[in-house]
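Step one of this worksheet: look at the structure below.
Heavy atoms only: backbone and side chains are in, while hydrogens, waters and symmetry mates are out. Ligands are counted one by one from 1 in listed order, and the atoms in each one are counted from 1 as well. Small disclaimer: the values here were computed from a predicted structure and weren't measured.
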Amino acid sequence: MSTGKKLYEGKAKIVYATENDREYLTYFKDDATAFNAQKKGSIENKGSINCTISSALLELLGNKGIKTHFLDQKSEREMLVKAVEIIPLEVVVRNIAAGSLCKQTGLPEGQKLAFPLVEFYLKNDDLGDPLLTIDRLTLLNIATPEQISLLKEKALKINQYLIEFFASCDITLVDFKLEFGLDQEGTILLADEISPDTCRLWDVLEQDTEKRVLDKDRFRRDLGKVESAYQQVQKRVLTQIEKLKNN
Ligand code: 5GP
């Protein structure tokens with residue numbers, strides 16, 4: 001697909017304008033970063049895998065009534081999306097303790113949480129994406145209290161659908177990060193991507209605490225076999241989507 005002006009280049013994606021001002025074309029790169037870009041590298045075929053997994057999951061959620069920016073997967077690495085203005089928040093949902101939750105609270109990795117935890121982080125690399133309180137969120141005028149409760153409600157609904165879907169792929173959804181945007185009418189749409197870059201995914205069929213990791217933690221923690229883990233997620237997701245289509 002012919003691309004228009006480059007509007008934005010992030011760590012993992014490039015956003016281009018299209019001939020339609022209501023649509024953007026997103027290009028998924030192989031570049032990988034972690035720890036606020038202090039660790040840099042590349043994961044072979046990541047762009048294609050993440051674009052394919054994200055397209056499949058966003059379409060699945062769309063079919064469940066979740067409004068998303070997804071329009072079409074145009075090629076292996078290109079996703080056509082509705083033009084939105086990204087709300088500068090990372091909305092994290094956690095089902096099992098891992099990552100920064102363990103570091104900051106002392107909860108042991110792998111502990112099932114009593115309820116799904118929804119957290120808001122400021123999307124600001126210079127500040128290291130800090131965890132926000134609801135009052136800080138309101139103070140910074142990032143979202144109205146109504147929008148904040150809507151975001152939480154949407155995140156929890158998405159969590160329910162994704163837990164169930166990933167379980168059918170023999171994958172445990174540990175936690176994940178979502179981003180939302182506002183379209184020209186001010187409607188909140190789920191945006192960005194849902195992929196092994198943005199989720200913690202553990203293989204149900206594997207007990208070993210390192211071998212079970214099927215997500216970006218393999219890159220973050222130098223566990224090796226990053227590409228094959230991403231491929232495994234793609235294979236299971238696409239197989240399951242195909243099954244759902246045929247039912
Ligand atoms: P944690 O806060 O434990 O580092 O991350 C929680 C979840 O959100 C993980 O699934 C992680 O992959 C995702 N996440 C949080 N921040 C980011 C980010 O800046 N980029 C990406 N790709 N994922 C993030």
Side-chain angles (χ1 to χ4, degrees), residues 8-15 26-43 46-47 49-51 53-54 57-58 79 86-113 115-133 137 142 151-152 154-156 158-159 162-163 165-166 169 171-181 190-203 209 212-223 226 229-230 233 237:
Y8 167 82
E9 178 156 7
K11 286 171 275 188
K13 293 187 290 296
I14 306 173
V15 180
T26 318
Y27 178 89
F28 285 65
K29 303 191 283 185
D30 284 348
D31 298 352
T33 61
F35 312 119
N36 203 14
Q38 286 173 54
K39 181 180 169 110
K40 286 186 182 149
S42 136
I43 301 167
K46 178 173 86 81
I49 296 171
N50 282 357
C51 182
I53 294 174
S54 289
L57 293 178
L58 290 171
M79 192 195 284
I86 292 288
I87 300 170
L89 286 178
E90 298 192 341
V91 183
V92 169
V93 186
R94 301 177 189 272
N95 298 305
I96 292 173
S100 70
L101 181 66
C102 297
K103 279 204 197 88
Q104 292 171 6
T105 65
L107 279 171
E109 185 184 75
Q111 182 163 310
K112 191 173 175 339
L113 304 181
F115 56 88
L117 194 60
V118 180
E119 298 173 330
F120 296 93
Y121 293 80
L122 183 64
K123 193 172 148 63
N124 183 323
D125 286 341
D126 293 340
L127 299 175
D129 296 344
L131 176 62
L132 294 174
T133 61
L137 252 166
I142 294 171
L151 289 176
K152 185 170 175 181
K154 283 177 190 290
L156 286 172
I158 292 164
N159 186 41
L162 290 182
I163 287 180
F165 176 75
F166 276 118
C169 304
I171 290 173
T172 304
L173 179 63
V174 175
D175 58 29
F176 58 99
K177 183 258 304 180
L178 299 173
E179 292 184 24
F180 293 88
L190 174 62
D192 196 48
E193 63 178 286
I194 305 176
S195 72
D197 263 14
T198 61
C199 304
R200 282 199 174 89
L201 303 167
W202 291 350
D203 188 350
T209 55
R212 70 182 175 189
V213 175
L214 295 175
D215 58 71
K216 197 172 167 188
D217 273 351
R218 298 208 75 82
F219 170 76
R220 293 188 187 103
R221 293 160 54 190
D222 290 321
L223 298 178
V226 189
Y230 277 53
V233 175
V237 165

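Every atom of ligand 1 is numbered from 1 in the order shown, and the set under 4.0 Å from a heavy atom of Gly99 is 3 (O). Atoms of ligand 1 lying under 4.0 Å from at least one heavy atom of Asp129, given by number and element, are 19 (O). For ligand 1, the atoms lying closer than 4.0 Å to a non-hydrogen atom of Arg200 are 1 (P), 3 (O), 4 (O), 5 (O), 6 (C), 9 (C), 10 (O). Near Asp197, with a cut-off below 4.0 Å to any heavy atom, the atoms of ligand 1 are 12 (O), 21 (C), 22 (N), 23 (N).
Taking only non-hydrogen atoms, the option from Lys123, Lys177, Glu193 nearest to atom 20 (N) of ligand 1 is Lys177.
Among protein heavy atoms, the minimum distance from atom 11 (C) of ligand 1 is reached at Arg220 NH2, 3.6 Å. Scanning the protein heavy atoms around atom 17 (C) of ligand 1, the nearest turns out to be Glu90 OE1, 3.7 Å. Given atom 2 (O) of ligand 1, the protein heavy atom at minimum distance is Ser100 OG, 2.6 Å. Protein heavy atom closest to atom 7 (C) of ligand 1, with residue, atom name and distance, is Asp175 OD1, 3.5 Å.
In this structure the side chain of Leu57 reaches within 4.5 angstrom of the side chain of Phe166, judged on heavy atoms. Inter-residue side-chain proximity for Lys154 and Leu178 is flagged as unmet; no heavy-atom pair is nearer than 4.5 Å.
More than 12 heavy atoms of other residues, nucleotides or ligands sit less than 6.0 Å from atom CZ of Phe35.
Note on ligand 1: Lys103 sits outside its first shell, no heavy atom being nearer than 4.0 Å.
Counting heavy atoms under 4.0 Å from ligand 1, residue Ala12 does not touch it at all.
Residues passing the salt bridge (charged side-chain N to carboxylate O under 4.0 Å, His left out) test with Asp203 are Arg236, sequence neighbours excluded. For the side-chain contact (heavy atoms from CB on, under 4.5 Å) test, residues two or more places apart in sequence or in another chain that qualify with Asp30 are Ser42, Lys46, Arg77.
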- For the pair Asn95 and Asn159, evaluate side-chain hydrogen bond (donor to acceptor under 3.5 Å, both in side chains) and give the outcome as yes or no after the intermediate values. CA-CA 9 Å; Asn95 298 305; Asn159 186 41; 2.9 Å; yes
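Exactly one residue among Asp175, Leu173, Leu156, Ile96 makes a side-chain contact (heavy atoms from CB on, under 4.5 Å) with Pro116. That residue is Leu156.
Atoms CG and OG, on Leu131 and Ser100 in that order, are 7.5 Å from each other to the nearest 0.5 Å.
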